[in-house]
Amino acid sequence: MAWVVLLLSGMLETLWAVALQSSKGLSRPLPTVVFFVTVVLSMAGLSYALRSVPLGTGYAVWVAVGTLGTALYGMCALGEPVTVARALFLAMIVGGVVGLKLAH
C-alpha cells in the first residue's frame, strides 16, 4: 500500500507544480488554493509512505514521478519542445526509479 500512496503522492506533486505555475506567483486565487491543497496532500502521502519505504528510495521515487509528470505535462499541454534528448533523459529517470524499486 505504501508504494501506491507514494506513486499517487508523486502525481500530486505534478498537480501542485502545475497549479503553482498557473497561480502566477500565488496571485490567482483558484490555482493558489489548488497548489496549497495538493502540496499538503502530496507531503502527507510521502510521509505515510516513508513509514515503510526507505527514505532515499521513497524520496527519489516521489521526485521522479513528479518530475516525469511535470515534464510530460509541459510537453503535451504547454508546447514545450519534445526532443530525443529530453525523452532519453526522462527514460533514464524512469530506469533509475525502477532500479531503486528492484533494489528495495
Minimum heavy-atom separation for [X] to [Y], with atom names?
X	Y	answer
Ala64	Ile93	CB-CG2, 3.5 Å
Ser9	Gly45	OG-CA, 3.0 Å
Gly58	Leu6	O-CD1, 3.5 Å

For residues 65-79, which side-chain N or O atoms pair as donor and acceptor with protein atoms under 3.5 Å away, sequence neighbours left out?
unit_1	atom_1	unit_2	atom_2	d
Thr67	OG1	Val63	O	2.8
Thr70	OG1	Gly66	O	2.7

Self-check item: Summary of salt bridge (charged side-chain N to carboxylate O under 4.0 Å, His left out) pairs that have at least one residue in residues 5-23, sequence neighbours excluded
Solution: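 For residues 5-23: none.
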
Self-check item: salt bridge (charged side-chain N to carboxylate O under 4.0 Å, His left out) contacts touching residues 68-90 (sequence neighbours left out)
Solution: Glu80-Arg86

Self-check item: Pairs satisfying side-chain hydrogen bond (donor to acceptor under 3.5 Å, both in side chains), at least one member in residues 26-54, at least two apart
Solution: Ser42-Trp62

Practice problem: Not counting sequence neighbours, which residues clear side-chain contact (heavy atoms from CB on, under 4.5 Å) with Ala60? List them please. | Solution: Leu100

Quiz prompt | Test side-chain contact (heavy atoms from CB on, under 4.5 Å) applied to Val37 - qualifying residues, sequence neighbours left out | solution =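 Applying side-chain contact (heavy atoms from CB on, under 4.5 Å) to Val37 gives Val33, Leu41.
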
same_hphob_cluster([X], [Y]) at 4.5 Å side-chain heavy-atom cutoff:
X	Y	result
Leu50	Met1	no
Val61	Val98	no
Leu15	Leu8	no
Val34	Met43	no

Exercise. Apply the test side-chain contact (heavy atoms from CB on, under 4.5 Å) to residues Leu26 and Leu20: give CA-CA distance (whole Å), side-chain angles for both, the deciding distance (0.1 Å), then the verdict.
Key: CA-CA 7 Å; Leu26 304 178; Leu20 181 61; 3.8 Å; yes

Quiz item: Members other than Met92 in its cluster, when Ile, Leu, Val, Met, Phe, Trp, Tyr link by side-chain heavy atoms under 4.5 Å?
Solution: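 Met92 clusters with Leu88, Phe89.
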
Quiz prompt | Qualifying ring-ring contact (aromatic ring centres under 6.0 Å, His included) pairs, either residue in residues 2-33, two or more places apart | solution = Trp3-His104, Trp16-Phe35

Quiz item: What distance separates Thr57 OG1 from Leu102 CG, expressed to the nearest 0.5 Å?
Solution: 11.0 Å

Self-check item: Check: Val5 and Leu46 side chains under 4.5 Å, non-hydrogen atoms
Solution: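 No, side chains not in contact.
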
